[in-house]
*Asks:* 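Quick one: the structure is below, questions incoming.
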Amino acid sequence: MRIGIYPGSFDPVTQGHLDIILRASKLVDKLIIGVLINGAKKPMFSMEERVELIRRVTKDLPNVEVEGFDGLLVDFAQQKGASVLVRGLRAVTDFEYELQIAQTNHKLNPLVDTIFLTTSVEYSYVSSSIVREIASYGGDISQFVPESIVDDIYKKAGEDKSSARISGRN
Ligand code: PNS
């Protein structure tokens, strides 16, 4: 059985991510979406929330599972018996960083290979950080994220604003 891992922060999952998930799920027998627990920055959504949102938008994909992970990606891949890592490339600007990470991961574990899927053109400009920014100003995010999670993002953006107000941040 070929198992693939699609890792990321997914804060929150976007239409661009979903596009990669749909296409990658056809290339492997099982696709595990690995949600990074400890990123450099404090995420908008907790790991549990990000996992729940992705599960909601992938509920009709029978060979897709979603799990949080901490530590090295190659260790998570080994633990799950995965031989393939999947990353999306939106533009050439993504490439340098992604190449470096893929080569490092391959050095750390030569049994694991990275494949890149080019994001569909209609989503090539979408990113989680842009979605968070638009939502924080109350703008329309409906074309950037799956419909079933739009309200969760506005709710969280609203909570973040009021906690910033209470603590004197802005
Ligand atoms: O969605 P992102 O934030 O671009 O995803 C980055 C991710 C999760 C793929 C990357 O940060 C990662 O794999 N982190 C785990 C630690 C690790 O294994 N780093 C790569 C070796 S330097």
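Start at 1 and go down the list; that is how both ligands and their atoms are numbered. Residue indices begin at 1 and follow the sequence shown.
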*Asks:* What residues form a side chain to side chain donor-acceptor pair (under 3.5 Å) with Thr118, not counting sequence neighbours?
*Replies:*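 Partners of Thr118 by the side chain to side chain donor-acceptor pair (under 3.5 Å) criterion come out as none, since no residue qualifies.
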*Asks:* Which residues pass the salt bridge (charged side-chain N to carboxylate O under 4.0 Å, His left out) test with Glu48, sequence neighbours left out?
*Replies:*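 Salt bridge (charged side-chain N to carboxylate O under 4.0 Å, His left out) list for Glu48, sorted by chain: empty.
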*Asks:* Looking only at heavy atoms, what is the nearest atom pair of Val145 and Thr14, with distance?
*Replies:*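 Val145 and Thr14 have their closest heavy atoms at CG1-CA, 4.2 Å.
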*Asks:* Please list all pairs meeting salt bridge (charged side-chain N to carboxylate O under 4.0 Å, His left out) that have one or both residues in residues 86-105, counting only residues at least two apart or in different chains.
*Replies:*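 Pairs touching residues 86-105 that pass the test: Arg87-Glu98, Arg90-Asp94.
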*Asks:* Measuring only between side-chain heavy atoms, which start at C-beta, is Thr58 closer than 4.5 Å to Leu18?
*Replies:*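 Thr58 reaches Leu18 side chain to side chain.
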*Asks:* Run through all N or O atoms in ligand 1 and write down each protein N or O closer than 3.5 Å, as a pair with its distance.
*Replies:*
residue, atom, partner, partner atom, Å
ligand 1, 1 (O), Ser9, N, 2.9
ligand 1, 3 (O), Ser9, OG, 2.5
ligand 1, 4 (O), Arg87, NH2, 2.9
ligand 1, 5 (O), Arg87, NH1, 3.3
ligand 1, 18 (O), Leu73, N, 2.8

*Asks:* Verify the cluster assignment for Leu27 and Leu61: are they in a single hydrophobic cluster under the rule of side-chain heavy atoms below 4.5 Å apart?
*Replies:*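 Both belong to a single hydrophobic cluster.
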